[in-house]
2 protein chains.
Amino acid sequence: MKLTRKERERIARRELIIDATENLIDRLGIDNITMDTIATEAEVGKGTLYLHFKSKKSIYLAISERGSRLLNHAFGKALLKELPGLKLIEELGRTYLKFVQENPVYFTVFNYYESLINDDDLAQSELAQRCEESAREAMTYIVRALQIGMQDGSINNKYDPHELGIVIWGASRGVIHMAFHKQKKHHMKILDDVNFSLQSLVSNFIELIGTGMANDQQSKNN
Amino acid sequence: MKLTRKERERIARRELIIDATENLIDRLGIDNITMDTIATEAEVGKGTLYLHFKSKKSIYLAISERGSRLLNHAFGKALLKELPGLKLIEELGRTYLKFVQENPVYFTVFNYYESLINDDDLAQSELAQRCEESAREAMTYIVRALQIGMQDGSINNKYDPHELGIVIWGASRGVIHMAFHKQKKHHMKILDDVNFSLQSLVSNFIELIGTGMANDQQSKNN
DNA sequence: TATAGTTTTGACTGTCGGTCATTAATTGAA
DNA sequence: TTCAATTAATGACCGACAGTCAAAACTATA
């Protein structure tokens with residue numbers, strides 16, 4: 001369907017605001033941004049922001065949605081490889097790590113989004129719905145890989161793929177969350193004792209759960 | 001050392017404020033609390049809050065510290081059991097789950113604390129230092145259990161216990177975080193597909209990483 | 001009881017998210 | 001081209017809230 005010039009301009013404006021906000025998050029951190037700052041950076045009046053977004057939250061949500069789309073795209077490509085299911089899971093893990101390293105702003109916004117989870121007026125938001133949909137899609141990629149693995153025998157089929165998928169998703173978030181902060185040099189005393197790279201941490205994690213879900217038969221072969 | 005009445009009263013006041021805030025978090029949620037609300041609940045003037053805490057953040061930090069102390073205490077007790085290292089890790093996992101279920105407010109505040117990790121003026125705070133110290137202590141319990149397990153042969157010693165500890169800690173946070181929100185009925189589309197209990201999710205997780213870090217020898221025995 | 005010292009208080013301030021009356025730009029009919 | 005009608009953009013303003021501080025209330029001592 002063809003868009004009118006007005007519609008195209010409107011969308012461009014909206015993207016401009018999102019771009020400006022992403023920049024600011026990168027430069028100032030998500031907690032040090034005001035609507036006035038965003039307006040200035042995007043070179044529009046403050047009121048204009050509210051013509052495109054319901055609230056400050058909505059802008060962050062829009063960024064989150066953009067990020068999820070990119071991540072899902074990467075996941076989709078990873079799943080195209082001709083590999084046994086177990087390897088696909090590892091591939092997804094590495095894809096996620098790469099995404100977080102290359103797009104720290106999106107990772108920041110994902111965390112912000114998570115922190116809103118008990119926010120009631122969020123549930124209504126159409127944007128939030130789309131974020132949820134994206135998360136579900138990401139989840140589907142994992143489950144698909146698990147199912148492939150159970151089919152080809154590389155993954156132990158004693159688990160329910162959906163339940164295992166959630167465990168893997170949650171655990172990955174947790175591990176990468178921790179590794180991310182270490183990398184960002186955020187003060188975390190826990191992490192002082194060990195000298196690990198984000199890479200090695202994630203590798204260890206992948207090996208750990210990889211071994212855990214491998215078929216006994218297969219794991220003997222290593 | 002003996003405390004004067006004044007000192008005792010001062011400490012009691014402080015605890016009173018913390019108690020009041022915990023109550024409010026439970027009733028209203030951490031995002032719907034104002035300093036005026038806390039003052040009213042604690043039956044003191046607003047200014048008084050600032051005689052005991054530098055800021056609103058500090059109050060939450062104090063709650064976080066209290067929670068960490070309780071959690072560490074539970075971890076300490078779990079480690080006293082006469083079990084092989086691998087079982088100790090499982091025991092720690094279940095202890096953590098139980099703690100979160102019984103003390104949702106502390107879990108909420110832990111998450112709040114985590115979200116402050118890139119907050120610069122936090123690093124100075126003496127309270128934050130103590131929270132960090134607590135986290136490090138929790139971490140030590142896990143590492144200790146891993147070392148025991150590598151000693152008694154129940155855990156594969158191909159991993160570095162510190163690094164594995166961080167992986168386990170991060171992954172556990174992630175899984176329980178997810179399960180917690182499911183339980184709290186927070187809208188999360190990802191979770192709609194599956195009908196799992198917090199229990200079963202954590203059990204699966206424990207089994208997954210348990211298998212992953214078990215010695216090959218041992219895992220054959222199951 | 002008088003007074004010096006200490007603690008508590010809530011009215012006040014600055015900041016920020018969000019609103020809305022006003023202004024500017026665009027469109028399209030005459 | 002002109003001008004009225006419609007639509008878009010703006011920033012002065014508002015309410016809410018974290019944090020401050022001068023004054024009030026309280027306590028201890030002589």
Pairs under 3.5 angstrom, nitrogen or oxygen only, protein versus nucleotides 25-27 of chain C, please.
residue, atom, partner, partner atom, Å
dT27(C), OP1, Arg5(A), NH2, 2.5

Excluding sequence neighbours, so at least two apart, what forms side chain to side chain donor-acceptor pair (under 3.5 Å) with [X]?
X         : result
Glu114(B) : Arg173(B)
Arg14(A)  : none
Ser55(B)  : Ser58(B)
Tyr112(B) : none

(message) Quick one: does any side-chain atom of Thr108(A) pair with a main-chain N or O of Pro104(A) as donor and acceptor, under 3.5 Å?
(response)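 Looks like yes, one N/O pair under 3.5 Å.
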(message) Keeping Ser64(A) on the side-chain end and Tyr60(A) on the backbone end, is there a donor-acceptor pair under 3.5 Å?
(response)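 Here the side-chain-to-backbone pair does not exist.
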Is it the case that the side chains of [Y] and [X] hold a donor-acceptor pair, with the cut-off being a distance below 3.5 Å and no angle test?
X         : Y         : result
Thr40(B)  : Thr37(B)  : no
Glu132(B) : Tyr113(B) : yes
Tyr141(A) : Glu137(A) : yes

(message) I'd like to check the side chain to side chain contact (heavy atoms under 4.5 Å, CB included) partners of Glu15(B); sequence neighbours left out, ordered by chain and number.
(response)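 Partners of Glu15(B) by the side chain to side chain contact (heavy atoms under 4.5 Å, CB included) criterion, ordered by chain and then number, come out as Ile11(B), Ile18(B), Arg66(B).
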(request) Taking side chain to side chain contact (heavy atoms under 4.5 Å, CB included) as the test, write out the residues that go with Lys87(B), two or more places apart. (result) Leu83(B), Pro84(B), Glu90(B)
(request) Pick base, sugar-phosphate or nothing for Arg13(A), based on heavy-atom distances below 4.0 Å to the nucleic acid. (result)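 The residue Arg13(A) makes sugar-phosphate contact but no base contact.
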(request) For DNA chain C, determine which residues of residues 34-50 of chain A have any heavy atom closer than 4.0 angstrom to one of its atoms, and list them numerically. (result)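 When residues 34-50 of chain A is checked for heavy atoms under 4.0 Å from DNA chain C, the hits, listed by number, are Thr34(A), Met35(A), Lys46(A), Tyr50(A).
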(message) Using a strict heavy-atom distance below 4.0 Å, which residues from residues 54-65 of chain A are in contact with DNA chain C?
(response) Ser55(A), Lys56(A)
(request) With a 4.0 angstrom cut-off to heavy atoms of chain B, pull out the first and last contacting nucleotide of DNA chain D, in 5'-to-3' order. (result) dC17(D) to dA28(D)
(request) Report the distance from atom CG of Leu122(B) to atom NZ of Lys57(B), rounding to the nearest 0.5 Å. (result)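 Leu122(B) CG to Lys57(B) NZ: 6.5 Å, rounded to 0.5 Å.
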(message) Could you check whether Arg13(A) pairs with Glu9(A) (Lys NZ or Arg NE/NH1/NH2 to Asp/Glu carboxylate O, under 4.0 Å)?
(response) no
(request) For the pair Arg69(A) and Glu65(A), find out whether any cationic side-chain nitrogen is under 4.0 Å from an anionic carboxylate oxygen. (result)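 Yes, this pair counts.
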(message) Just to verify, what does Lys56(B) make a salt bridge (Lys or Arg N to Asp or Glu O under 4.0 Å) with, not counting sequence neighbours?
(response) none
(request) Using five pairs at either end of the helix from dT1(C)-dA30(D) to dA30(C)-dT1(D), determine the angle between the two local helix axes and round it to 10 degrees. (result)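 Roughly 20° between the end axes, to the nearest 10°.
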